[in-house]
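Right, one structure below, let's go through it.
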Protein chains: 2
Amino acid sequence: MELDETDRQILRILQENARTTFSEVARRIDMSSATVHDRVGRLEDAGVIEGYHAKVDPKAIDLGISAIIGLRVEQGREQDTLERLQDIAGVQEVHLTTGEWDVMARVYAGDADALRELMFDRIAQMDGFARSQTMVILGTPHESEELPIAEE
Amino acid sequence: MELDETDRQILRILQENARTTFSEVARRIDMSSATVHDRVGRLEDAGVIEGYHAKVDPKAIDLGISAIIGLRVEQGREQDTLERLQDIAGVQEVHLTTGEWDVMARVYAGDADALRELMFDRIAQMDGFARSQTMVILGTPHESEELPIAEE
DNA sequence: TCTGAAACCATCACCTG
DNA sequence: CAGGTGATGGTTTCAGA
């Protein structure tokens, strides 16, 4: 789908605040809310907008620790292993990567104990698991939910 | 802030779809929309809800490549280096980590050329930069925007 | 936490250039 | 065919209980 500058403006606004009303968006980009409604519908249907999500502070819901895990899996078992991995609660992201690790995963857990359990009792026990390295996140100085949207 | 089960239900709904109307939330949790309005306001004020963001498909906005970068920085220069790093366009997340790397960053770029430029001309040129390893993301079989919210 | 009411918004059928 | 108008029914928001 080809995005014009109007679509991009709409995306920038909704990336920044997904609850902005269509009529507010319309005001800002100087169009009618019917047009905004149309365009947003098309952006959703085309898969350009994949969803709208409230960002919740992990600490507030008792997720006190997070880590990035590099994983090596046995050759030929990738598919299998991945499916198991992404079904484990707390596994938030699973990426296939070049370099030292086959898979990089981002996980959340309640505390160090829960993280150890997640690692040793669940991830390390998966069929196809070869080895891993856990990088505990000590802090996140920067985390943006907004991608840079270039002008047309 | 202490969250009761009602707060948690509201958070689950808004994590899944941030544009759910308060009256729809109210229907689902069997309360009035005024109450939902009140509670969401309190959750926002307390910082439990940090924002609402449309998730945009990176490919649709010409961000064709993403990578995870492990970085080592010179001791004593961490603060400085971090500030520079997070101001570079395309740097989406910056985490301080234990283990092999001091910093793990998630970056987006238009294509391999742009990623190389980002790495060599911007990141590797930062004061305090020591060394890095780039793990190009070949695919993301799983990426959730929703944290698991345990029952009270 | 709710009720009620005014202002506001989403949505849609139907125009307009 | 993208964009606008106008009607209507739903939603937000706030005061007051």
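Protein chains get the first letters and strands the later ones, always in sequence-line order, with residue 1 at the start of each. Values below: every heavy atom of this structure, side chains too, minus hydrogens, waters and symmetry copies.
B/Ile29 has its CD1 atom 9 Å from the P atom of C/dC2, to the nearest Å. Counting to the nearest Å, the C1' atom of D/dT12 and the CD atom of A/Glu24 are 15 Å from each other. Rounded to an integer number of Å, the gap from B/Phe22 CZ to C/dC8 P is 17 Å. Nucleotide D/dG3 holds its P atom 13 Å from the CD atom of A/Glu5, rounded to whole Å.
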Are there any protein N/O atoms within less than 3.5 Å of an N/O atom in nucleotides 15-17 of chain C, and if so, which ones and at what distance?
none

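In this structure, A/Ile69 and A/Met119 approach most closely via the heavy-atom pair CD1-SD, 3.0 Å. Taking both residues in full, the closest heavy atoms of B/Ala18 and A/Arg19 are given as O-NH1, 2.7 Å, listed atom of the first, atom of the second, then distance. The two residues A/Gln125 and A/Phe120 come nearest to each other via the heavy atoms NE2-O, 3.0 Å. Residue B/Arg8 comes nearest to B/Leu3 through the heavy atom pair NE-O, 3.5 Å, listed as atom of the first residue, atom of the second, then distance.
The closest donor-acceptor contact from the side chain of A/Glu5 to the backbone of A/Glu152 lies under 3.5 Å. The closest donor-acceptor contact from the side chain of A/Gln15 to the backbone of A/Leu147 lies under 3.5 Å.
End-to-end axis angle for the helix from C/dT1-D/dA17 to C/dG17-D/dC1, using five pairs per end and rounding to 10°, comes out at 30°.
Salt-bridge check for A/Arg84 with A/Asp80: passed, with a basic side-chain N closer than 4.0 Å to an acidic carboxylate O. Salt-bridge formation is not detected for the pair B/Arg42/B/Asp45: no Lys NZ or Arg NE/NH1/NH2 atom is positioned less than 4.0 Å from an Asp or Glu carboxylate oxygen.
Cluster membership for B/Met135 and B/Leu85, using ILVMFWY side-chain heavy atoms within less than 4.5 angstrom, is not shared.
B/Thr140 meets the side-chain hydrogen bond (donor to acceptor under 3.5 Å, both in side chains) test with A/His95; sequence neighbours excluded. For A/Glu143, the salt bridge (Lys or Arg N to Asp or Glu O under 4.0 Å) partners two or more places apart in sequence, or in a different chain, are A/Arg106.
Look at A/Arg27 and you won't find any side-chain N or O under 4.0 angstrom from OP1 or OP2 of C/dC8. A close approach under 4.0 Å does not occur between any side-chain nitrogen or oxygen of B/Ser23 and OP1 or OP2 of D/dG10.
Heavy-atom distances under 4.0 Å link DNA chain C to B/Arg19 of residues 11-21 of chain B, given in residue order. For the segment residues 30-52 of chain A, residues with any heavy atom less than 4.0 angstrom from an atom of DNA chain C are, sorted by number, A/Ser33, A/Ala34, A/His37.
Side-chain contact check for A/Val94 versus A/Leu71: every heavy-atom pair is 4.5 Å or farther apart. For the pair B/Pro148 and A/Leu63, the minimum side-chain heavy-atom distance is below 4.5 Å.
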